[in-house]
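What you see below is based on every heavy atom in this structure, not just the backbone, and it leaves out hydrogens, waters and symmetry mates. In listed order, ligands and their atoms are each counted from 1.
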Amino acid sequence: MGGLARLEYRGYDSAGIAVGATQSLTVVKAVGKLANLTSELDTVGPLEGRAAIGHTRWATHGQPTTANAHPHTSLDGDLALVHNGIIENATQLHASLLAEGYTFVSDTDTEVVAHLLAREFLADSEDGDTVGHGVEIEGVPEDAAGTAGALARAMNRVMSQLDGAFTLLAMHAEAPGVIVAARRSSPLVIGLGKNENFLGSDALAFSEHTQRALEVGQDELVVVTPTAVTIIGVEGEPATKKFLEIDFAHDRVTKDGWPTFMEKEINEQPRAIADTLADRLDAEGYLTLDELRIPSEVLRTVDKVIIIACGTAAYAGHVARYAIEHWCRIPVEVELAHEFRYRDPVVNEKTLVVAVSQSGETMDTIMAIRHAREQGARVVAVVNTPGSTISRESDAVLLTHAGPEIAVASTKAFTAQITATYILGLYLAQVRGNKYIDEIQDYLDKLSEIPGKVSEVLKRGELVRMTARTLVDENSVIYLGRHVGFPVALEGALKLKEIAYIHAEGFAAGELKHGPIALIEEGQVVIIIVPTPRRPELHRKVVSNIQEVRARGARTIVVAEDGDESVNEFAETVFRVPPTPTLYAPLLAVVPLQVFACELATAKGLDVDQPRNLAKSVTVE
Ligand code: M6R
């Protein structure tokens, strides 16, 4: 249950576990958050067993009901299965199982696999505990060896019948200390303990118990007992065990006295940015990115950068575009990962693709990376989760050191992503000779002042929170920004939508007169991100935009630099941020918008960390 709690951010509309004791499996499920399953377990009483599988669900096939919750079982109840991902040929398989007389109690694709596995298990005609090309399964007690072997062989055959992405974990009543698992395009890691082993879709699940972990490769099959792990490769051969470095201290995954993870994570931003910036210079002051295993000669031939990401990570990419184009004079495109491969993008070996992802498990981004690499592009992953699928499938990894982000609404990952992509931009500028070393040092010096400035913005949070509390009854909020303020407007609006359930839209301020201004009526709340007055050509125009909406009755909330008095006349409220270079302004301006959304959602009594309908990692396309 502790492991499931750590994974609950991936989905929380229902949950369930199966516990294997001698000759029986007990399955307990509940709709809603994990707390409901805990209550249900309290009524069942203590369960004993040698192994258990559990799941928290984000509904794809069928509504969040107890029947649709995992684990799903075979008709005889002897076999239980949990599943992440989507089985794309589930409809066809369902039809053929129905024709064979199988009945279904759920609407899920997972139940189809449970029946398929049971069918293959029963049809197994071999003896013993070997699988694949005679690989012996380790650590299985003699009385369970035949069942474990049959289950592993059944899983092997089932895998070849499935299309789509999946991680599957199964157990059988007659082998209660054995878990058989398989993965394709969906994450699975193994935690190695002493007389206990773990499986998780994220190492966070078992980081409290062990930090020794093994990767499971594409299409590999795994048999885990308390004392042994057997991994079988795609061709049925014993697979080489690949160890994973896990560096999450488990105490960093608690709220540390904050009421919500989101508040804690907003307040961790100074450290997240500082940690992402740390140790990037060599003794001579050159920016070094050892982890960027792409030779400088290759980086010098790059003629286009494409940033692929989703949601908040894509907005970080939009911010990065301004900086990379300015510093490196290379065209930069920013593309939503799920749109990228369907538009037949022009990608070749001179394209550098930068995939940005907090979780490193976003399926849309994974698929876009695969497409880019097939076309010959080099892919640099900017990820926050070491060992994640995206970090493993990319040519190089630039880690954001934000620490685990648990709240569904991304905050510290956003500012860490901007920081990391800026480092990448400066590195490209250095390698390609666009900037001299002293210029790069100057940019980095200014960047290193950002954590202190973010702390200053956080100290001023009370005005933001007070303002948010007055707006709980709003139905719509508009965000405006220009230049790097535009993606900040988009991000501010996304935060409000996802946690406060208020319709919010971010617009490029210059676009206002081309349509959105029609939305402005008396009392409409508009939040405007104002650029520094040291960029008068930008500043002037945004101040005009504030006047334009104000003239039409809008209630204006303005994010502006200290000392910029020109906005006072047109702003109902001003959230102040310390002066900073234009390109770094998003790292400050976004903070009051995060605090605003968090406080407004809290004042509405909503679950800030786990908003409805969402999951932290979107692991299906
Ligand atoms: O884990 P990723 O950074 O790849 O996730 C991308 C988006 O799903 C994510 O940023 C999402 O938009 C957040 N809920 C936004 O707060």
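For ligand 1, the atoms closer than 4.0 angstrom to any heavy atom of V408 are 13 (C), 14 (N), 16 (O). For ligand 1, the atoms sitting less than 4.0 Å from at least one non-hydrogen atom of Q358 are 1 (O), 2 (P), 3 (O), 4 (O), numbered in the order shown with element in parentheses. Atoms of ligand 1 lying under 4.0 Å from at least one heavy atom of A409, given by number and element, are 16 (O). Per-residue contacts place S359 under 4.0 angstrom from the following atoms of ligand 1 (heavy atoms of the residue considered): 1 (O), 2 (P), 4 (O). Applying the 4.0 Å criterion to heavy atoms of A313 picks out, from ligand 1, the atoms 3 (O), 10 (O). Under a 4.0 Å criterion applied to the non-hydrogen atoms of S410, ligand 1 contributes the atoms 15 (C), 16 (O).
Between R469 and E462 there is a salt bridge, since at least one side-chain N of the basic residue sits less than 4.0 Å from a carboxylate O of the acidic one. Electrostatic pairing of D202 and R6 does not count as a salt bridge here, judged by no charged N lying under 4.0 Å from a carboxylate O. Remark: R343 engages E333 in a salt bridge, criterion side-chain N to carboxylate O under 4.0 Å. Using a 4.0 Å cut-off between charged nitrogen and carboxylate oxygen, R460 and E456 count as a salt-bridge pair.
Scanning the protein for heavy atoms near atom 8 (O) of ligand 1, the closest one is V618 CG2, 4.1 Å. Of the protein's heavy atoms, C310 O, 3.5 Å lies nearest to atom 7 (C) of ligand 1. Taking atom 10 (O) of ligand 1 as the reference point, the nearest protein heavy-atom neighbour is T312 N, 3.2 Å.
Counting heavy atoms under 4.0 Å from ligand 1, residue E498 touches it through the side chain alone. Residue contacts with ligand 1 for K495 involve side-chain atoms from C-beta outward but no N, CA, C or O (heavy atoms, distance under 4.0 Å).
The shortest N/O to N/O separation between T362 and ligand 1 falls below 3.5 Å.
A pairwise comparison of heavy atoms in A420 and L398 identifies O-CD2, 3.4 Å as the closest pair. Residue I306 comes nearest to V346 through the heavy atom pair CD1-O, 4.2 Å, listed as atom of the first residue, atom of the second, then distance. Across all their heavy atoms, T110 and H70 have their closest contact at OG1-CE1, 3.0 Å. Shown here for Y322 and H318, the closest heavy-atom pair between the two residues is CD1-O, 3.1 Å.
To the nearest 0.5 angstrom, H61 atom NE2 is 8.5 Å from H83 atom NE2.
Distances shorter than 4.0 angstrom do not occur between any heavy atom of T365 and any atom of ligand 1.
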